[in-house]
Amino acid sequence: MINTITIDTETMDVQPSAVILSIGGFAFDIEDIDSVQNSIIDVARDPELADYSKTAFYGLVDTFGQLMQGRTVGAETQKWWIKQSEDTHEALTGHREPLSQTLVNLSSWIQQHPGARVFFRGTDFDGSILENAYRTCGLTCPWHWGGKRDVRTYIDAMTKGTKGYLPKTHQPCFAMVKHNSLHDAMGDAEQMAIAYQLNSRQVAAELQETTK
């Protein structure tokens with residue numbers, strides 16, 4: 001049963017008003033690492049599943065219309081994008097939808113998973129930018145204003161970490177392209193499911209010790 005959604009964006013600024021380049025989302029059962037990894041591999045292999053399927057959402061967003069709406073581009077962010085890999089830039093090529101249509105599509109996809117918790121890597125960036133975009137377009141945001149959850153905090157709480165990531169020894173189950181918003185969402189999903197599994201094993205071991 002799908003109970004968790006991770007969402008990532010790629011943008012042209014760090015402000016809530018940023019021009020959005022792409023939105024990626026992944027829906028999964030955080031308690032079933034095998035199904036999470038199998039689904040990630042399927043999506044990574046099949047472009048049709050990656051664009052829009054039960055578990056995956058990927059939308060490229062038209063930038064001209066956003067500039068006309070007053071959304072912003074940061075000079076430092078522009079410089080940062082120039083330095084990114086060819087694979088990262090390749091993920092941003094293709095048909096682009098207007099911002100309002102992409103947000104409607106995202107809402108429709110999220111609503112296929114009622115009750116699923118929505119996570120972002122930090123609650124003050126991707127989520128805030130998307131909330132601002134929904135307001136700009138006069139649309140209702142599909143998650144409650146107080147319902148944003150943080151991937152980093154979750155992973156640290158489950159693993160007693162401090163970085164918001166699994167240890168560097170962790171290798172993704174797919175050929176992950178950094179700053180591809182769908183890949184980033186899938187990478188976060190896999191790490192969260194592994195963190196859940198590690199915590200469950202730790203709790204079970206501690207319970208076993210107390211009952212000896």
Side-chain angles (χ1 to χ4, degrees), residues 1-11 20-63 81 83-97 99 101-121 126-127 130 142 149 151-152 154-155 158-159 164-198 200:
M1 180 184 74
I2 288 174
N3 48 36
T4 311
I5 291 172
T6 49
I7 296 176
D8 184 80
T9 63
E10 297 303 332
T11 68
I20 299 170
L21 299 174
S22 70
I23 304 171
F26 191 73
F28 60 104
D29 180 354
I30 201 168
E31 300 177 21
D32 189 345
I33 182 60
D34 290 334
S35 73
V36 172
Q37 291 178 325
N38 288 336
S39 180
I40 287 173
I41 292 169
D42 288 343
V43 169
R45 288 175 175 171
D46 188 339
E48 291 188 7
L49 291 178
D51 283 341
Y52 194 100
S53 61
K54 181 178 180 182
T55 58
F57 176 91
Y58 188 63
L60 296 174
V61 193
D62 172 65
T63 56
W81 272 112
K83 299 175 183 177
Q84 301 313 303
S85 71
E86 184 177 339
D87 286 341
T88 297
H89 286 283
E90 179 68 23
L92 293 171
T93 61
H95 175 69
R96 294 183 173 275
E97 295 277 1
L99 178 60
Q101 184 59 57
T102 307
L103 294 176
V104 168
N105 294 344
L106 177 64
S107 294
S108 176
W109 179 75
I110 290 173
Q111 288 161 6
Q112 293 179 36
H113 310 296
R117 300 170 298 170
V118 178
F119 282 80
F120 304 91
R121 182 161 282 279
D126 304 277
L130 287 171
R149 292 171 171 82
V151 170
R152 295 176 299 195
Y154 183 90
I155 292 173
M158 293 293 104
T159 63
Y165 292 93
L166 295 179
K168 290 184 178 180
T169 53
H170 165 71
Q171 293 296 319
C173 68
F174 68 111
M176 182 175 175
V177 176
K178 290 184 178 180
H179 311 302
N180 171 327
S181 58
L182 175 57
H183 281 208
D184 286 344
M186 293 195 298
D188 282 341
E190 183 186 18
Q191 290 197 58
M192 288 177 67
I194 291 172
Y196 177 91
Q197 184 183 65
L198 292 172
S200 297

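For the single chain, residues carry numbers from 1 onward in sequence order. This is a predicted model, so every value here is computed, not measured. Note: hydrogens, waters and symmetry copies are ignored here, and every other heavy atom, side chains too, is used.
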When rounded to the nearest 0.5 angstrom, what is the spacing between CG in D188 and CZ in R152? 10.0 Å

Going by side-chain contact (heavy atoms from CB on, under 4.5 Å), name the residues that satisfy it together with N105, two or more places apart in sequence or in a different chain. F57, Q101

Contact between M186 and V43 at the side-chain level, heavy atoms closer than 4.5 Å - yes or no? yes

Would you say H170 and Y165 make side-chain contact, with heavy atoms under 4.5 Å? no

Considering non-hydrogen atoms only, spot the tightest contact between E10 and D184 and give its length. OE2-OD2, 3.3 Å

With a 4.5 Å limit on heavy-atom distance, are the side chains of I155 and M192 in contact? yes

Looking at CG of L49 and CD1 of I40, how far apart are the two atoms once the value is rounded to the nearest 0.5 Å? 13.0 Å

I'd like to know if the side chain of S107 reaches the main chain of L103, judged simply by a donor and an acceptor atom lying under 3.5 Å from each other, with no hydrogens or angles considered. yes

Closest non-hydrogen atoms of T159 and A195, given as atom of the first, atom of the second and distance, are CG2-CB, 3.8 Å

Could you tell me the separation between the CD atom of Q111 and the CG atom of L106, rounded to the nearest 0.5 Å? 9.5 Å

Any donor-acceptor pair under 3.5 Å from R121 side chain to G164 backbone: yes

If you measure from CD1 on I41 to CD on Q37, what distance do you get to the nearest 0.5 Å? 6.5 Å

Mind listing the side-chain donor-acceptor pairs of residues 20-33 below 3.5 Å, one per line with the distance, residues two or more places apart or on another chain?
{"from": "S22", "atom 1": "OG", "to": "S181", "atom 2": "OG", "distance (Å)": "2.9"}
{"from": "D29", "atom 1": "OD1", "to": "N3", "atom 2": "ND2", "distance (Å)": "3.0"}
{"from": "D29", "atom 1": "OD1", "to": "E31", "atom 2": "N", "distance (Å)": "3.0"}
{"from": "D32", "atom 1": "OD1", "to": "D34", "atom 2": "N", "distance (Å)": "3.3"}
{"from": "D32", "atom 1": "OD1", "to": "S35", "atom 2": "N", "distance (Å)": "3.2"}
{"from": "D32", "atom 1": "OD2", "to": "S35", "atom 2": "OG", "distance (Å)": "3.4"}

The reported gap from OG1 in T6 to CD in Q191 (rounded to nearest 0.5 angstrom) is 11.0 Å

Quiz: residues 173-180 side-chain donor-acceptor pairs under 3.5 angstrom, not counting sequence neighbours:
{"from": "N180", "atom 1": "OD1", "to": "L182", "atom 2": "N", "distance (Å)": "3.0"}
{"from": "N180", "atom 1": "OD1", "to": "H183", "atom 2": "N", "distance (Å)": "3.2"}

Distance from L99 atom CG to D62 atom CG, nearest 0.5 Å? 9.0 Å

I7 side chain near D126 side chain, heavy-atom distance below 4.5 Å: no

Do the non-hydrogen side-chain atoms of H113 and K54 ever get within less than 4.5 Å of each other? yes

Below 4.5 Å, heavy atoms only, C-beta onward: do T88 and W81 meet side chain to side chain? yes

All heavy atoms of I5 vs all of W109, minimum pair found to be CG2-CZ3, 3.8 Å

